Peer 1: 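Dropping a structure here in structure tokens format, bear with me for questions.
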Amino acid sequence: MCAHHRGPAGRTAMYLRCYPYDRWHMGSHQEELRRYARRLGLGEPAVYLDNGARSLGPRPAFERLLRHTADGGYQVLLIPGPFVFSLHDNEARALAEGIRSFGCQVRELPSPSRFPTAAAGPHRPAERAGLPA
């Protein structure tokens, strides 16, 4: 069940699935996706969470998300990765494509490895000040 679902009033949603049950309701993942939404200039995402759900089992929050998306409720879906749809790559891709077919973008949280590293430029304090490192 989705603890924070607010319905399709907004145009942005996030979907999370966790197995086994997470007593913190994937709070750190939710916060990262909220920050990502802000960086993208999107509104506060509605949260759809299947907590304790296996990828092949019943996922009531995912089913609600699909219904709302098919009805035009969302333009953007934020996810931490395609694993939330399925642990099987082909099935995860197919589910993401199904969501896109409703006119909804599926945006994956960027991997930390995609961000620039300190070695990529003058990011250390001494270098920013123009001092020898």
Side-chain angles (χ1 to χ4, degrees):
M1 177 71 64
C2 177
H4 300 92
H5 173 67
R6 289 184 298 278
R11 303 300 283 167
T12 304
M14 72 170 76
Y15 177 66
L16 298 156
R17 182 190 58 79
C18 183
Y19 184 82
Y21 182 85
D22 179 5
R23 67 182 180 161
W24 297 283
H25 300 277
M26 298 186 76
S28 63
H29 291 81
Q30 287 190 42
E31 188 51 38
E32 277 300 311
L33 288 170
R34 282 189 187 94
R35 279 197 287 271
Y36 186 42
R38 285 191 295 272
R39 283 196 313 265
L40 295 173
L42 302 171
E44 178 74 14
V47 178
Y48 290 80
L49 171 62
D50 281 316
N51 198 353
R54 295 178 184 266
S55 66
L56 297 177
R59 295 176 290 172
F62 185 66
E63 295 302 321
R64 280 193 310 277
L65 171 66
L66 288 177
R67 281 194 307 276
H68 292 153
T69 304
D71 291 340
Y74 297 112
Q75 291 179 326
V76 180
L77 174 64
L78 304 175
I79 58 171
F83 63 88
V84 296
F85 300 135
S86 175
L87 296 178
H88 305 284
D89 292 341
N90 289 339
E91 183 177 351
R93 276 193 295 276
L95 289 168
E97 282 305 313
I99 293 167
R100 287 184 187 102
S101 75
F102 299 138
C104 181
Q105 295 178 42
V106 178
R107 302 289 300 260
E108 186 179 336
L109 188 64
S111 165
S113 64
R114 293 184 196 158
F115 297 122
T117 63
H123 301 287
R124 291 179 292 223
E127 289 177 41
R128 279 196 304 265
L131 302 172

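Values in this document were obtained by computation on a predicted structure and should not be read as measured data. The residues of the chain are indexed from 1 along the displayed sequence.
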Peer 1: Kindly list each side-chain donor-acceptor pair under 3.5 angstrom involving residues 81-91, sequence neighbours excluded, with atom names and distances?
Peer 2:
{"residue": "Ser86", "atom": "OG", "partner": "His88", "partner atom": "N", "Å": "3.0"}
{"residue": "Ser86", "atom": "OG", "partner": "Glu91", "partner atom": "OE1", "Å": "3.3"}
{"residue": "Asn90", "atom": "OD1", "partner": "Arg93", "partner atom": "NH2", "Å": "2.5"}

Peer 1: Suppose the criterion is salt bridge (Lys or Arg N to Asp or Glu O under 4.0 Å): which pairs have a residue in residues 13-27, not counting sequence neighbours?
Peer 2: none
Peer 1: Run the numbers on Tyr19 and Asp50 for side chain to side chain contact (heavy atoms under 4.5 Å, CB included), then give the verdict.
Peer 2: CA-CA 9 Å; Tyr19 184 82; Asp50 281 316; over 6 Å; no
Peer 1: Would you say the side-chain atoms of Ser101 pair up with the backbone N or O of Gly98, donor to acceptor, closer than 3.5 Å?
Peer 2: yes
Peer 1: What's the separation between atom CD in Glu32 and atom CG in Leu78, rounded to the nearest 0.5 Å?
Peer 2: 12.0 Å
Peer 1: Let me confirm one number: the CD-NE2 distance from Gln30 to His25, rounded to the nearest 0.5 Å.
Peer 2: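 Spacing of CD (Gln30) from NE2 (His25) equals 8.5 Å.
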Peer 1: CD1/Ile79 to CZ/Arg107 distance, rounded to the nearest 0.5 angstrom?
Peer 2: 11.0 Å
Peer 1: Could you measure the distance from the CD atom of Gln105 to the CD atom of Gln75? Nearest 0.5 Å is fine.
Peer 2: 8.0 Å
Peer 1: Salt bridge or not between Arg35 and Glu31? Use side-chain N to carboxylate O under 4.0 Å.
Peer 2: yes
Peer 1: Search all heavy atoms of Pro80 against all heavy atoms of His29 and return the closest pair with its distance.
Peer 2: CB-CD2, 4.2 Å
Peer 1: Is the shortest side-chain heavy-atom distance between Leu65 and Tyr74 below 4.5 Å?
Peer 2: yes
Peer 1: Could you give me the CA-CA distance, side-chain angles and deciding distance for His68 and Tyr48, then say whether side chain to side chain contact (heavy atoms under 4.5 Å, CB included) is met?
Peer 2: CA-CA 11 Å; His68 292 153; Tyr48 290 80; 2.6 Å; yes
Peer 1: Establish whether Val47 and Leu40 are linked, either directly or via other cluster members, by ILVMFWY side-chain heavy-atom contacts under 4.5 Å.
Peer 2: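 In one cluster with Val47: Leu40, yes.
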Peer 1: Which residues satisfy the side-chain contact (heavy atoms from CB on, under 4.5 Å) test with Glu97, sequence neighbours excluded?
Peer 2: Arg100
Peer 1: Which value, rounded to the nearest 0.5 Å, describes the distance between Thr69 atom OG1 and Tyr15 atom OH?
Peer 2: 12.0 Å
Peer 1: Testing the basics here: between Arg11 and Gly73, what is the closest heavy-atom pair and its distance to 0.1 Å?
Peer 2: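 Scanning both residues completely, I find the closest heavy atoms to be NH1-O, 3.5 Å.
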Peer 1: If the condition is salt bridge (Lys or Arg N to Asp or Glu O under 4.0 Å), which residues does Arg54 pass it with, not counting sequence neighbours?
Peer 2: none
Peer 1: Working to the nearest 0.5 Å, report the span between CZ of Arg38 and CG of Leu33.
Peer 2: 11.0 Å
Peer 1: Identify the two heavy atoms, one from Arg59 and one from Ala53, that lie closest to each other, and give their separation to 0.1 Å.
Peer 2: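 In this case the closest contact between Arg59 and Ala53 is CG-CB, 4.1 Å.
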